[in-house]
Structure formats: structure tokens, C-alpha cells
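The next block holds one structure in the form of C-alpha cells; read it before the comments.
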Amino acid sequence: MKKITFLFLLAGSMTFAQRNLTIEEATTGLRTYAPKSMLATQWRKDVKAITYLDNSYQNLVTRSDANQWKETTLLTKDDIQNALKAKFPQDDFALRMFPFAYSWKDQNTLAFEVGGKKANYIVEFDAAQKTIKNILSIPLDAANQLPTETKNRVAWLEKNNIKITDASGKTIAVTNDENAGIVNGSDYTHRQEFGIHQGMWWNKTGDKLLYYRKDETMVTNYPLVDFGARVAAVKDIRYPMAGMKSEEVTLVIFDVASNNKVTLKTGEPKEQFLTCVTWDPTGKFVYVGLLNREQNHLKLNKYDAVSGAFVKTLFEEKSATYVEPQHDLTFLPNNNSQFLYQTENEGYNHLYLYNTDGKLIKKLGYKDIVVKDLLDFDAKGTKISYIGTANNGLDRQLYEVDLKSGATTQLTTVSGTHTASLSSDGTFVYDQYSNTTTPNEVAIINVKSKKATSLLSAENPYTGKINMPKMELVTITSADGKTPLNGRLIYPANFDATKKYPVMVYVYGGSHAQLVNNRWLGGANLFDYYMAQQGYVVFTLDNRGSDSRGKNFCDVNHRKLGQNEMADQMKGVEFLKSKSFVNADKIGVSGWSFGGFMTISLMLNQNDTFKVGVAGGPVTDWKYYEVMYGERYMDTPQENPEGYEKTSVINKANQLKGDLLVIHGAQDPVVVQQQSMEFIEACIKAGKQVDYFLYPTHEHNVSGRDRIHLNEKIARYFDLHLKN
């Protein structure tokens with residue numbers, strides 16, 4: 001009898017061994033409690049084999065069809081380190097792990113970057129011989145390194161100028177601009193809108209470098225105050241506010257052999273956006289998308305790479321709202337006269353096959369699928385794969401399209417978020433996915449037979465450790481009564497349906513962001529679950545205007561940001577109020593950036609509903625935001641004064657009723673602190689009490705250990721004003 005009692009008590013103690021997250025875990029625990037996975041997975045070129053890092057991060061392991069997909073070690077960190085020491089005995093290589101960001105150039109050649117104590121190195125490594133095939137060394141402070149395809153030279157940035165280093169170690173200066181307002185080769189051109197992710201491009205042979213030259217001397221200096229100095233100092237940035245003077249950008253080609261430069265004749269007006277920058281595979285031409293400042297008319301132009309002369313306009317795109325190019329051209333590997341172009345001009349981001357004369361050869365779009373990530377061509381160059389949406393934007397699946405017939409095949413099928421890719425011969429799929437009930441599954445799928453070989457099935461990392469609240473995905477109809485919206489509901493821990501709980505609505509609502517996904521944890525961060533553990537219903541809704549649902553889903557918000565978004569969020573509130581366990585008198589809202597704008601907007605326009613708000617880095621009036629993003633959605637203040645007036649929360653400060661905490665980073669170069677200062681001043685003038693907190697050293701987001709402080713502040717504010 002005593003023995004049975006002991007076992008019962010042990011089982012009971014195990015039941016209650018689960019605990020809530022700490023605020024530290026809620027902030028940083030996604031890594032600690034990450035489901036088991038296979039990291040840095042790459043298909044090895046021209047063989048049916050994948051490689052990835054083992055759990056120690058010290059070794060590169062492989063699985064292959066020839067070995068029944070069993071795991072074997074291919075290379076170790078020491079193999080890399082020993083080869084580096086042999087090549088550069090004067091440097092010190094204390095690698096902590098196998099290079100994470102590697103790629104396969106061919107079957108045996110691995111490319112990666114490593115850092116020594118004296119220099120950084122761009123390496124091509126022979127995996128079979130365990131020797132270095134090619135290596136380039138560049139200074140430790142070199143930024144934006146861009147090697148040629150053959151790795152015989154590398155371009156890099158030193159502040160606002162470009163330098164090139166070759167295999168012999170010789171370095172030349174491409175530009176020598178002393179004025180900091182002239183910026184060369186930077187990926188921070190047009191403030192990284194329009195899909196811009198680099199500022200330099202080598203041609204295929206690596207003898208000509210194309211680069212952005214950004215002249216921002218005419219853009220107003222904007223002061224950021226550095227409080228870290230003994231006496232606070234002003235650090236100026238160039239910040240083109242909506243309706244004001246913007247930067248002037250050109251594209252320049254540098255010939256390494258002759259040291260000559262030629263500027264592409266992109267013409268007037270000078271205030272235009274140069275996007276989709278792509279070398280012709282022959283090196284004879286350059287293709288550039290010219291987008292007008294109004295952002296409603298795009299021309300895809302062709303330029304001569306020798307003279308810089310305009311050759312022709314291949315095609316144009318126009319829109320009553322905006323045209324938003326996001327991708328460079330992708331040339332077919334076996335046809336220098338054909339390329340893939342991505343656009344959402346017909347409703348969804350689809351692929352279109354063009355020739356270099358501008359003739360549309362084939363539309364390659366598939367249903368309402370949004371192309372999210374373009375992957376690789378097959379070995380013959382006749383098909384290409386991509387990750388696209390499914391299930392009203394909740395899922396990500398792998399698709400393959402035949403370029404000749406236009407036929408599209410979905411290669412993954414289980415509902416969820418797939419990170420998948422095809423082997424180079426197209427016979428196998430590496431498929432890694434999760435969904436709301438599956439932490440992580442990894443398999444190799446035979447495309448022809450559909451047979452799947454499981455490589456990993458991760459267990460729930462919280463089981464027996466953390467008391468994770470129940471979460472479910474919900475569908476809510478938008479305010480126009482037409483569109484299904486995706487929502488996520490996290491129930492309070494130890495949920496009791498007879499009780500009434502306060503609510504935290506976590507919101508973003510702006511473009512290019514999606515908070516609700518059919519993946520592990522539903523796309524939520526652990527802080528959402530932490531708040532649920534503290535007794536809150538935590539709710540999130542992706543309103544119209546958010547990502548992955550097509551152009552029309554966003555266009556409804558043109559010139560009136562926040563209006564339809566708020567209407568949709570209130571449909572979410574209606575859903576919440578229909579639940580017997582929701583305390584309709586205790587609903588709060590929190591968000592950052594666009595979500596900060598939404599938070600304040602809801603607190604003011606729906607002040608009888610939202611009792612508490614925490615707004616981080618908020619836009620308060622779009623006239624204080626930058627040209628590229630702001631004018632796309634709002635036009636200029638001169639063109640749309642009514643829209644700017646209606647969307648400004650500064651003008652509605654007198655409508656504040658509840659408790660509002662505004663948080664900002666003093667070094668924020670994205671949503672400048674003036675945004676929140678103007679709102680605080682308006683609250684003072686209106687006699688409204690509002691709380692304000694500044695992070696002196698942080699930019700747009702509070703990162704690192706200080707984010708624990710931020711999350712604790714948000715949690716305490718909700719507890720103080722909503723829970724108690």
C-alpha cells in the first residue's frame with residue numbers, strides 16, 4: 001500500500017513539474033526551446049546528397065541516396081582550420097564552429113567566409129582533398145564584401161567608398177569621395193526598399209563592377225543625440241521625409257582593366273528609384289527598373305555596358321495605386337536571351353518568362369499562389385522551383401514549374417510551413433516542415449515514387465518542462481464582409497471556461513509582415529505565451545494590408561493607412577467579445593513600429609474598447625516618415641492632405657481615455673523620435689496623461705539583453721492597468 005502511494009505521489013509531482021516561462025526565457029528562449037532540427041542544409045551539386053551541421057556545430061555531415069540516407073561525417077571544423085593555418089601560418093584561426101554560411105559551387109567545392117585575427121578570408125575549399133583551392137584575404141574592417149564568381153577578386157566598402165582586392169593581395173580604390181554625402185556601393189540605397197539587398201554587382205567574367213552612387217547631399221540632415229558620450233553629441237543622418245527632397249541615385253560601371261568608369265544614362269528626373277538591377281549574362285548590357293517617385297510607373301530598361309547608353313524599354317508597368325518591384329531578373333542558365341520576372345501586377349506575385357526584346361513568352365503564375373522564395377533551376381534548365389503560399393497565406397509549400405508548358409506541380413503536400421528544396425537533378429525533395437501540432441519533421445521525398453524517408457521527427461521541446469497554453473488558429477471575416485482573415489488565439493494557462501480573462505491584442509497590421517502562420521507556435525513569439533501564462537487571452541489578427549495575400553489585399557489601404565486596418569481589428573474584437581471567457585471591459589493592445597501606429601490609433605479611435613496600450617517606435621504622423629515607404633502608401637502630404645490629416649494620431653490626442661505607454665529608441669533612424677515627441681506634446685496640450693519611456697542607446701528595435709527589460713516593462717504595464 002505504501003509503495004502504491006509513493007508511485008501516485010511521484011506521478012503527481014511529475015504532473016506539476018511543468019512551470020511557466022521566466023521573462024528571460026520569454027525573450028530569448030526560442031533558441032533554448034527550439035525543436036530539434038537539421039541546420040545549414042544544402043544539396044550537394046550534381047550528386048544525390050545533402051549536407052548540414054551536426055548538433056555540435058563542429059562537423060559537416062552528409063546523407064546520400066547511395067548510402068540509404070544514413071548520416072556520415074564529411075568534413076570537420078579542424079579540417080578547415082588546419083588548411084587555413086597551413087596557408088596562412090602568420091594568422092590565428094580559432095574557429096568556434098564549422099562555417100555556417102557555406103554553399104556548394106560544384107560537387108566537391110565548398111565556398112564560405114571565415115575570419116582570422118589579421119584578416120577576413122573568402123575561401124573555396126576542396127572537400128575531397130581537404131585543401132584550399134582558392135582564397136582571398138581582405139581587411140577586417142571591410143564591409144559588404146562581394147567576390148567575383150571565380151573568386152579572383154573582391155569588392156568591398158570602406159565607409160562610403162569602394163575598394164577592390166585581387167588574389168595577389170593588391171588593393172585599388174574605385175572611388176575616393178571625401179564628402180560623406182556621396183555614398184558608393186551601399187545596399188542602403190533607397191533605404192533598402194524595392195527589394196534592394198546589395199549595392200554592387202560583378203559581371204559574369206568579373207572584370208567590370210556595377211555599383212550604386214547615391215548623392216544625398218541635398219537631403220536634410222536629421223540629428224540623433226548620442227547620450228553615450230561624456231557630453232552628449234549630435235550624430236546626423238540623412239532622412240528624406242515624405243514630400244521633401246529625396247536622394248539622387250545613379251549607376252556606374254567600373255572597368256578593372258582600364259580603370260575607366262561609365263555612368264548609365266538613366267536620365268531625368270533625378271529623383272527616381274533604380275531597381276531590379278541585373279547584368280546580362282553576356283556582360284554587354286545592364287537591365288534596370290526605373291520607378292518614378294510617385295511609384296506608379298515602372299519602366300524596365302536596357303543599357304549598353306560600354307557606353308552607358310539607353311538601348312530600349314522592354315516593358316512598362318502602371319498602377320492606379322503603386323508598383324512595387326521586389327526582385328532582380330533571373331536569367332535562364334541555358335538561354336542568355338530569356339529571363340524570369342516577378343511581379344504582382346495581375347494580383348499575386350507570379351513568375352513571367354520574357355525575352356531580352358521585352359516580349360512576354362509565358363505566364364507562369366499558378367492560382368492565387370504568391371511566390372515567396374525563388375529557388376533553383378533543374379539540371380537541364382527547363383524547370384524552376386520555388387516556395388509559395390497556400391491555405392489563404394497560412395502555409396508555405398514547394399512548387400515546380402515547367403518553363404515551356406507553364407505547368408505547375410506542388411511537390412509538398414502536408415499542410416504547414418515547408419522549407420524545402422530539390423536536388424540538382426530534380427529527383428529528390430529535401431522537405432523540412434512544421435505546423436501548429438508538429439514541432440519539426442524532416443524527410444527526403446522521391447519525386448517520382450512519392451516515397452518519403454524520414455530523417456528527423458522532433459519532439460515537443462516544452463513537454464514535461466514548460467506549461468504551454470493552448471493555441472488555435474481562427475478565421476474572421478474582414479470589415480468589408482468579403483475577405484477571410486487569419487487570426488491566432490492563445491488561451492490563458494490552466495484555462496477555465498467559467499472565468500473571464502483580460503485580453504492583450506498584439507498587432508502589427510502593416511505591409512510585408514505576417515504574424516499568423518501555420519507553423520510551430522502559430523508564428524507567435526514566446527512573450528505572447530508568457531502573457532497567456534500570466535492570465536491573459538492573447539490575440540493577433542493579420543488585417544488587410546499585411547503580407548502574403550496578394551496586391552488587392554493591400555491596395556484597399558492606399559492613401560488611408562490605418563483605417564481599414566482598424567476596421568478589421570475591430571472585427572477581431574467582435575470575435576473576442578463573443579467568447580464567454582473574455583472580459584470585454586479589460587482589452588488592451590500592444591505593437592511596435594507600424595504596430596505602434598496601430599496601437600495608438602486604436603486607443604484613440606476606439607477609446608471605449610481599448611483600456612490599455614503599449615506603443616513602441618510608433619509612427620504618429622506619416623509626414624514625418626521617409627519618402628520611399630511613406631509615399632508608396634500615402635502619396636505626398638501635398639497630394640493627399642486629407643489622408644494625412646485623417647491618419648495622424650497627433651491630431652486626435654484629445655481622444656485618449658485609457659492608459660498608454662509610448663516607448664522609443666533614442667537612436668532610431670527608421671521611425672525618428674520626433675514622431676513620439678510630437679504626440680507627447682499634443683497630449684500635454686490636450687491635458688492627457690501619457691507614459692513615456694526612452695531607450696537611450698537603441699535604434700528602431702530594442703535588442704540584446706535590454707529586450708528582457710522591455711518585455712518586463714510591457715508585462716508590468718498590462719498587469720498594473722488591466723489585470724489588477
Would you please classify the geometry between the [Y] ring and the [X] ring as parallel, tilted or perpendicular, with 30° and 60° separating the classes?
X: F98; Y: F112; value: tilted
X: Y121; Y: F93; value: tilted
X: F428; Y: W69; value: perpendicular

The test is salt bridge (Lys or Arg N to Asp or Glu O under 4.0 Å); show your working for E149 and K204 and say whether it passes. CA-CA 7 Å; E149 188 174 315; K204 192 174 183 64; 3.6 Å; yes
Flag if over 12 foreign heavy atoms under 6.0 Å of [atom1], [X]:
X: E24; atom1: CD; result: yes
X: K45; atom1: NZ; result: no
X: K151; atom1: NZ; result: yes
X: Y57; atom1: OH; result: no
X: K372; atom1: NZ; result: yes

Distance check, rounded to the nearest 0.5 Å: [X] atom [atom1] versus [Y] atom [atom2]?
X: W592; Y: N701; atom1: CH2; atom2: CG; answer: 7.0 Å
X: L209; Y: I164; atom1: CG; atom2: CD1; answer: 5.0 Å
X: T175; Y: K261; atom1: OG1; atom2: NZ; answer: 6.0 Å
X: N391; Y: N517; atom1: CG; atom2: CG; answer: 11.0 Å
X: H350; Y: Y366; atom1: NE2; atom2: OH; answer: 10.5 Å
X: N349; Y: T389; atom1: CG; atom2: OG1; answer: 9.5 Å

Any salt bridge linking D92 with K117? Criterion: basic side-chain nitrogen under 4.0 Å from a carboxylate oxygen.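 Yes, this pair counts.
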Using a strict 4.0 Å threshold on nitrogen-to-oxygen distance, state whether K105 and E124 make a salt bridge. yes
Look only at the side chain of [X] and the backbone of [Y], and say whether a donor-acceptor pair between them is shorter than 3.5 Å.
X: T165; Y: V154; result: no
X: E25; Y: T32; result: no
X: Y348; Y: T343; result: no
X: R396; Y: G393; result: yes
X: N446; Y: K451; result: no
X: D255; Y: S258; result: yes
X: N435; Y: T437; result: yes
X: R488; Y: G522; result: yes
X: N336; Y: T282; result: no
X: R707; Y: V702; result: yes

With side chains defined as the heavy atoms from C-beta onward, is the minimum distance between [X] and [Y] less than 4.5 Å?
X: L340; Y: F377; answer: yes
X: L251; Y: V277; answer: yes
X: Q326; Y: Q342; answer: no
X: L210; Y: N203; answer: no
X: V401; Y: K383; answer: no

Stepwise side chain to side chain donor-acceptor pair (under 3.5 Å) test for K214 and S186: CA-CA 8 Å; K214 176 174 65 171; S186 173; 5.1 Å; no
Can you confirm whether the side chains of [X] and [Y] place a donor and an acceptor under 3.5 Å from each other?
X: S421; Y: W43; value: yes
X: E324; Y: H512; value: yes
X: N108; Y: D126; value: no
X: Y52; Y: E71; value: yes
X: D395; Y: S415; value: yes
X: E441; Y: S457; value: yes

Is there a side-chain contact (heavy atoms from CB on, under 4.5 Å) between F339 and T330? Walk through the geometry before answering. CA-CA 5 Å; F339 60 85; T330 302; 5.9 Å; no
Checking side-chain contact (heavy atoms from CB on, under 4.5 Å) for the pair L422/E400: CA distance, chi angles, key distance, verdict? CA-CA 9 Å; L422 275 164; E400 185 179 53; 3.3 Å; yes
Run the side-chain donor-acceptor check on residues 402-411: report pairs under 3.5 Å with partners two or more places apart or on a different chain.
| unit_1 | atom_1 | unit_2 | atom_2 | d |
| --- | --- | --- | --- | --- |
| D402 | OD1 | K404 | N | 2.9 |
| D402 | OD1 | S405 | N | 3.0 |
| D402 | OD1 | S405 | OG | 3.4 |
| S405 | OG | A407 | N | 3.2 |
| Q410 | NE2 | T412 | O | 2.8 |

Any chance you could lay out the side-chain contact (heavy atoms from CB on, under 4.5 Å) test for F331 and T278, step after step, and finish with the verdict? CA-CA 9 Å; F331 274 86; T278 310; 4.1 Å; yes
Evaluate salt bridge (Lys or Arg N to Asp or Glu O under 4.0 Å) for K85 paired with D78, printing each intermediate quantity in order. CA-CA 10 Å; K85 286 182 177 179; D78 290 340; over 6 Å; no
How far apart are the C-alpha atoms of R519 and Y433, what are their side-chain angles, what is the distance that settles it, and do they pass the side chain to side chain donor-acceptor pair (under 3.5 Å) test? CA-CA 8 Å; R519 60 185 174 96; Y433 78 91; over 6 Å; no
is_close_aromatic([X], [Y]), centroid dist under 6.0 Å:
X: Y33; Y: Y462; answer: yes
X: Y341; Y: Y352; answer: no
X: W201; Y: Y212; answer: yes

If you apply the rule side chain to side chain donor-acceptor pair (under 3.5 Å), what do you find for Q397 with Y399, and how did you get there? CA-CA 6 Å; Q397 300 286 354; Y399 301 88; over 6 Å; no
Determine, step by step, whether L146 and N144 satisfy the side-chain contact (heavy atoms from CB on, under 4.5 Å) criterion, reporting the C-alpha distance in whole Å, the side-chain angles of both residues, the deciding distance to 0.1 Å, and the verdict. CA-CA 6 Å; L146 181 71; N144 296 60; over 6 Å; no
Using the salt bridge (Lys or Arg N to Asp or Glu O under 4.0 Å) rule, take K130 and D79 through it: C-alpha gap first, then chi angles, then the decisive distance, then the call. CA-CA 7 Å; K130 298 183 179 181; D79 291 332; 3.6 Å; yes
What are the two closest non-hydrogen atoms of Q107 and W104, and how far apart are they? O-CZ3, 3.6 Å
After noting the C-alpha distance and the side-chain angles of Y287 and T356, does the key distance pass the side chain to side chain donor-acceptor pair (under 3.5 Å) rule? CA-CA 9 Å; Y287 301 88; T356 50; 4.5 Å; no
